[in-house]
Amino acid sequence: MIDSTVKIGDNCKIESNVEIGAYSVIEENVVIGKGSVIGNHVIVKADTVIGKYTNIQDFVILGQTPASNKKTARKPPKNLSPLFIGNRATICSHCVIYRGTMLLNGVFIGNLASIREKVFVGDDSIIGRNAIVENDTTIGSRVTIQTNAYVTANMIIEDDVFIGPCFSSSNDKYIGNDQEELQGPTLLKGAKIGNNASLLPGITIGEKAVIGAGAVVTKDVPALKTVVGNPARDIRR
Amino acid sequence: MIDSTVKIGDNCKIESNVEIGAYSVIEENVVIGKGSVIGNHVIVKADTVIGKYTNIQDFVILGQTPASNKKTARKPPKNLSPLFIGNRATICSHCVIYRGTMLLNGVFIGNLASIREKVFVGDDSIIGRNAIVENDTTIGSRVTIQTNAYVTANMIIEDDVFIGPCFSSSNDKYIGNDQEELQGPTLLKGAKIGNNASLLPGITIGEKAVIGAGAVVTKDVPALKTVVGNPARDIRR
Amino acid sequence: MIDSTVKIGDNCKIESNVEIGAYSVIEENVVIGKGSVIGNHVIVKADTVIGKYTNIQDFVILGQTPASNKKTARKPPKNLSPLFIGNRATICSHCVIYRGTMLLNGVFIGNLASIREKVFVGDDSIIGRNAIVENDTTIGSRVTIQTNAYVTANMIIEDDVFIGPCFSSSNDKYIGNDQEELQGPTLLKGAKIGNNASLLPGITIGEKAVIGAGAVVTKDVPALKTVVGNPARDIRR
């Protein structure tokens with residue numbers, strides 16, 4: 001069930017019952033676990049490891065190496081580990097997942113999403129369609145990041161967090177200052193973020209805190225509190 | 001004018017004067033009406049019906065079946081009807097349109113957009129580049145949904161509505177609560193929504209009402225009223 | 001190093017040391033400069049000019065011709081010049097760049113971005129992943145437009161401007177009015193815009209002014225001022 005038009009590089013290990021659709025390109029040293037299904041026009045870059053019973057849809061790129069130009073503040077790291085995708089994961093069509101990232105078992109990535117290098121995503125988490133996760137961000141288990149959300153670099157998102165659609169976050173206090181240290185927001189266990197909320201750099205959203213839709217959150221929010229507005233304030237005041 | 005590299009499944013009905021570009025994959029039972037033009041690297045999944053003189057650009061997927069993981073609150077429906085696209089429609093490059101959806105005559109979908117299952121789009125409506133329409137949403141005729149807009153599930157958008165770029169909407173009052181019934185906003189005939197406005201679940205925007213750019217709308221807006229701000233208030237107060 | 005599956009149209013000029021990956025389609029009259037690397041499944045439309053040592057990643061479309069439907073207010077222009085891309089530029093995967101546009105040397109375009117016709121981008125500027133630039137917009141040199149930003153039509157962005165992620169802009173004062181003249185915001189040299197800020201039509205942001213995250217900017221901002229909130233006000237008041 002590997003289409004005759006598929007190109008497969010040297011040293012690949014394709015286990016039993018793997019299907020690969022038309023016009024896909026598998027580079028060298030790739031591992032594809034038992035029973036996984038790879039769509040049409042999929043590009044798997046060198047060294048990528050795909051687990052068992054995982055589903056990769058059409059037009060996906062796995063294991064992309066970061067690029068940059070003269071103006072990029074921080075040059076992309078070299079010697080990244082291969083992209084690792086666990087078992088029973090689903091990567092929907094038109095996604096780009098970078099090298100140096102790890103997606104554990106059962107992860108679901110929606111269409112047209114992109115995930116940069118050095119990202120960790122725990123078991124069974126969902127990253128929605130068109131969502132973006134920047135580099136060096138850690139995402140726990142059973143997290144939901146909805147469609148069109150923007151997760152900046154150097155964020156920490158603990159288990160069971162829920163992020164609504166069109167969420168935005170940033171990690172540079174002095175907008176575009178190349179010298180400062182970058183730190184995205186930290187979302188503690190079970191926090192819930194409404195749609196189109198904006199989180200400023202370095203703040204912490206407490207356990208099970210709730211951020212209202214459209215809120216612009218400029219400082220820490222304690223556990224269990226709900227904040228709304230621009231700037232965001234305790235809903236009871 | 002069907003490229004020799006195109007793969008065509010069993011039982012397809014390709015009418016006269018159809019063009020299909022290089023490396024496209026047409027699965028079984030597909031109908032393509034007279035004079036339609038299909039680009040390069042297009043994937044048409046099983047059973048899809050495409051009308052006459054319709055234009056499908058490169059890297060488009062038509063008729064995608066929904067997927068899910070363990071954490072998905074609502075499992076995708078089975079036995080969806082085939083995707084139906086009317087006459088003289090245009091689907092720009094890199095779009096994904098799901099099975100179970102219906103796009104009527106003259107519809108225009110911009111690049112990199114995605115439209116989920118069980119969506120209805122009326123005649124001559126426009127859905128902009130990078131826009132997203134979730135499942136079970138009904139969109140009237142001559143509606144404009146601009147670039148990057150996010151249309152949640154279970155929305156009703158009547159005829160002649162205009163939605164600006166980066167619009168956001170939600171359908172779960174208690175953010176991420178799997179038990180509640182989901183209901184997106186309802187936009188009545190001729191309502192206009194400014195760019196980057198956020199609409200909360202279940203609210204109704206009246207006929208020809210206007211929502212200002214960046215407004216966060218938390219409750220119903222009467223016909224012909226204009227609201228702005230966070231939370232949105234009548235512009236005259 | 002041109003894969004045997006690449007289709008190349010008449011009258012192309014491919015210079016020395018060019019590499020082209022599998023299943024790419026190069027239409028007629030295309031020029032590709034010395035040492036450029038074209039990925040897999042890339043589509044280069046007719047007449048496109050690509051400079052030297054430029055890198056075009058997988059699933060990119062270069063030189064797309066604009067389309068429209070019955071409801072499109074402004075019909076796309078005809079007789080557009082070919083797309084021109086300078087030397088040492090990088091176009092990441094899944095981008096669509098339209099005909100009639102000019103990207104100068106060293107420009108970097110992130111994954112899944114789209115750039116419409118009649119756009120000019122100066123040397124070494126960055127346009128982030130999933131960002132969108134509409135038609136007739138001029139962008140200076142060393143500009144950074146971050147991920148997911150939405151740059152409307154008829155904007156002017158001067159040198160060294162920095163635009164944060166999820167930025168939104170608009171160009172029609174009377175939302176969706178087909179008769180009015182469109183004018184996007186003007187961002188003067190060195191202005192900085194925070195994440196998820198919304199700019200209204202026709203306003204000017206002064207040199208080195210700063211717009212806070214989530215601000216909704218409804219009028220001009222003088223040079224060096226900082227504004228925040230909805231509507232945005234001087235941070236010191």
Side-chain angles (χ1 to χ4, degrees), chain A residues 3 5 21-23 39-41 55 57-59 88-94 105-112 123-126 128-130 141-144 146-149 160-167 190-197 210-216 228-232, chain B residues 5-7 22-25 27 41-43 45 59-61 64-73 94-96 98 112-114 116 130-132 134 148-153 166-172 174-178 196-201 214-218 229-232:
Chain A
D3 192 276
T5 58
Y23 304 121
N40 305 295
H41 302 257
N55 186 3
Q57 294 184 358
D58 312 320
F59 302 123
R88 298 179 202 277
T90 301
I91 314 291
C92 293
S93 78
H94 300 92
N105 296 336
V107 162
F108 184 95
I109 314 288
N111 307 108
L112 295 152
D123 286 342
D124 300 321
S125 286
I126 296 176
R129 270 168 314 122
N130 226 29
S141 298
R142 300 173 306 280
V143 167
T144 297
Q146 285 209 328
T147 305
N148 227 14
D160 302 307
V161 163
F162 185 97
I163 294 179
C166 308
F167 164 80
K192 292 183 174 192
I193 318 289
N195 70 304
N196 211 11
V210 176
I211 310 299
V216 178
V228 299
N230 179 359
Chain B
T5 57
V6 174
K7 295 177 174 260
Y23 305 121
S24 289
V25 177
E27 293 186 357
H41 301 259
V42 169
I43 298 177
K45 305 282 186 187
F59 303 122
V60 163
I61 301 176
Q64 177 71 48
T65 300
S68 66
N69 79 347
K70 197 191 276 189
K71 203 175 167 292
T72 310
H94 299 92
C95 282
V96 195
Y98 279 66
L112 295 152
S114 60
R116 284 276 300 273
N130 226 29
I132 288 166
E134 299 282 15
N148 226 14
Y150 176 69
V151 174
T152 191
C166 307
F167 164 80
S168 172
S169 49
S170 58
N171 63 7
D172 56 338
Y174 304 99
I175 306 177
N177 180 339
D178 295 351
N196 212 10
S198 304
L199 266 53
L200 270 75
V216 178
V217 188
T218 58
N230 178 1

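Labels below follow one simple rule: chain letters A, B, ... track the order of the sequence lines, proteins then strands, and each chain is numbered from 1.
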request  = Tell me, for B:Ala113 versus chain A, whether the close heavy atoms (under 4.5 Å) come from the side chain, the backbone, both or neither.
outcome  = backbone
Residue part contacting chain B, namely of A:Ile193, when any heavy atom lies under 4.5 Å = backbone
Closest non-hydrogen atom pair between B:Ser170 and A:Asn195, with its separation = OG-OD1, 3.3 Å
ask   = By a 4.5 Å heavy-atom criterion (distance strictly below it), what part of A:Val228 contacts chain B: side chain, backbone, both, or neither?
value = neither
task = Counting only heavy atoms closer than 4.5 Å, note whether B:Val60 contacts chain A via side chain, backbone, both or neither.
result = backbone
note = The interface call for B:Ile132 against chain A, heavy-atom contacts under 4.5 Å, is side chain
query = Side chains of A:Arg129 and B:Val96: closer than 4.5 Å at any heavy-atom pair?
reply = no
query = Checking B:Leu200 against chain A: side chain, backbone, both or neither under 4.5 Å from a heavy atom?
reply = side chain
ask   = Side chain, backbone, both or neither: which part of A:Ser125 has a heavy atom under 4.5 Å from chain B?
value = backbone
message = Using 0.5 Å steps for rounding, measure from the CG atom of A:Asn40 to the NZ atom of B:Lys45.
response = 6.0 Å
remark   = Of all heavy-atom pairs linking B:Tyr150 and A:Cys166, the shortest is CB-SG, 3.5 Å
task = Show the numbers, then the answer: is there a side-chain contact (heavy atoms from CB on, under 4.5 Å) between B:Ile61 and A:Gln57?
result = CA-CA 10 Å; B:Ile61 301 176; A:Gln57 294 184 358; 5.8 Å; no
remark   = Rounded to the nearest 0.5 angstrom, the OG1-OH distance for A:Thr5 and B:Tyr23 is 9.5 Å
Test applied, side-chain hydrogen bond (donor to acceptor under 3.5 Å, both in side chains); reference residue, B:Lys71; option that passes from A:Asp124, A:Asp160, A:Thr144 = A:Thr144
inquiry  = Assess, by modelled atom type and distance only, whether the side chains of B:Gln64 and A:Ser93 contain a donor and an acceptor separated by less than 3.5 Å.
reply    = no
ask   = Okay, side chain of A:His94, backbone of B:Phe59: is any donor-acceptor separation there less than 3.5 Å?
value = yes
query = Nearest 0.5 Å, what's the CG-CG distance between B:Asn130 and A:Asn148?
reply = 7.0 Å
task = Sort B:Thr218 into side chain, backbone, both or neither according to what part of it lies under 4.5 angstrom from a heavy atom of chain A.
result = neither
message = If the threshold is 4.0 Å, N to carboxylate O, is there a salt bridge linking B:Asp172 and A:Lys192?
response = no
Interchain contact, B:Thr152 with chain A, by part (heavy-atom threshold 4.5 Å) = neither
Part of A:Asn105 within contact of chain B (heavy atom distance under 4.5 Å) = neither
remark   = Most contact-rich option vs chain B, by heavy-atom pairs under 4.5 angstrom, among A:Gly106, A:Pro165, A:Ala213, is A:Pro165
query = Between CG of B:Asn69 and CG of A:Asn55, what distance do you get to the nearest 0.5 Å?
reply = 12.0 Å
request  = Pick whichever of A:Leu112, A:Val107, A:Thr90 has the most heavy-atom pairs under 4.5 Å with chain B.
outcome  = A:Leu112
remark   = Honestly, the part of B:Tyr174 sitting under 4.5 Å from a heavy atom of chain A is backbone
query = Between A:Asn111 and B:Ser114, is any side-chain donor less than 3.5 angstrom from a side-chain acceptor?
reply = no
request  = Write down the atom of A:Asn196, the atom of B:Ser198, and the distance for their closest heavy-atom approach.
outcome  = ND2-OG, 3.0 Å
task = Please lay out, stage by stage, how B:Lys70 and A:Arg88 fare under the test side-chain contact (heavy atoms from CB on, under 4.5 Å).
result = CA-CA 10 Å; B:Lys70 197 191 276 189; A:Arg88 298 179 202 277; over 6 Å; no
query = Side chain, backbone, both or neither: which part of A:Ile211 has a non-hydrogen atom closer than 4.5 Å to chain B?
reply = backbone
